[in-house]
Amino acid sequence: MPDAQELESYIRRKFAENVGLTEAELFSEDLSLSALITRSERMTNSVDLMEAFARTSNGLRKDFGLRVRLPALSLDTPVSKVLAVFMGEVTNPERKSA
Amino acid sequence: MGLGHDLQSITELEAARALREPDVFFTAAELAHFERAANPEQSLAAGFSAKEALFKALPAVDGWFWTDAELVHDARHAPRFRFHGTLAAHVAREGLQVAVSLSHSGGFVSTVVLVTRAPSP
């Protein structure tokens, strides 16, 4: 099982891949979810945003056997908060897949 | 009182494959219901729309997940929410009642959610 730092690195990378921005673009400015939708050429609405986060969640399940539920967050939420929720999910031992 | 409305294109959900994994955005029971529906894509879009409308209707509640708001249907197929986890605790603590209405036409699903306080006994 990877440690927390490896998992955080994985989630950051997958977030960036799935929204179509670089990690630097996403996290150096700590973009809000609405700004993320505006900046990304791949996304136009909340369906695209949820799909991108769901892809990251599914990757965690497939690659590490970890289950992550998607948080209900407003569009002014910074992406660092989403990362923190994902980290809370993957470091919670009760959230491991059966 | 809180009121939320959402209008969702059914087509927009068709390409969303990752959202169909159980216990990520939808519960396994919700996904099974969508699959059994006469029009599964329309039913999936309705599920997404209902959660978005609920989010708009609720006062800010920190720390809940989309799977905490499970869309279920009664014997007459009328939709309602069954709450879990943090959201269930909040709804019970605040004495909230949540009503949901779904409609679809012309490739769109429209949802209205009304949140009210239950009358004191």
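Below, each value reflects all heavy atoms present in this structure, side chains not excepted, and no hydrogens, waters or symmetry copies. Within every chain, numbering begins at 1; the chains are lettered A, B, ... in the order of the sequence lines, protein sequences first and strands thereafter.
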query = Can you name the closest pair of heavy atoms from Leu19(B) and Val47(A) and give their distance?
reply = CD1-O, 4.3 Å

ask   = Between Thr44(A), Leu70(A), Asn45(A), Val85(A), which shows the greatest number of heavy-atom pairs under 4.5 Å with chain B?
value = Leu70(A)

query = Under 4.5 Å between side-chain heavy atoms, hopping through other hydrophobics if needed: is there a path connecting Leu83(A) to Leu7(A)?
reply = yes

key: Same cluster (ILVMFWY, side-chain, under 4.5 Å), Leu7(B) and Leu54(B)   = no

query = For chain A, which residues from residues 58-65 of chain B have at least one heavy atom closer than 4.5 Å to it?
reply = Asp62(B), Trp64(B), Phe65(B)

request  = Take Ser46(A) and Phe48(B), measure what side chain to side chain contact (heavy atoms under 4.5 Å, CB included) needs, and give me the verdict at the end.
outcome  = CA-CA 10 Å; Ser46(A) 58; Phe48(B) 189 92; 3.9 Å; yes

task = Tell me whether Leu13(B) is reachable from Phe108(B) by hopping between hydrophobic residues (I, L, V, M, F, W, Y) whose side-chain heavy atoms are closer than 4.5 Å.
result = no

Contacting region of Asp48(A) [heavy-atom separation from chain B under 4.5 Å] = neither

task = Tell me whether Leu102(B) is reachable from Phe83(B) by hopping between hydrophobic residues (I, L, V, M, F, W, Y) whose side-chain heavy atoms are closer than 4.5 Å.
result = yes

request  = Measure the NE2-CZ distance between His84(B) and Arg69(A) for me, rounded to the nearest 0.5 Å.
outcome  = 11.0 Å

ask   = Same cluster for Leu71(B) and Val112(B) if Ile/Leu/Val/Met/Phe/Trp/Tyr side chains link at under 4.5 Å?
value = no

query = Atom CD of Glu12(B) and atom CD of Glu51(A): how far apart are they, to the nearest 0.5 Å?
reply = 12.0 Å

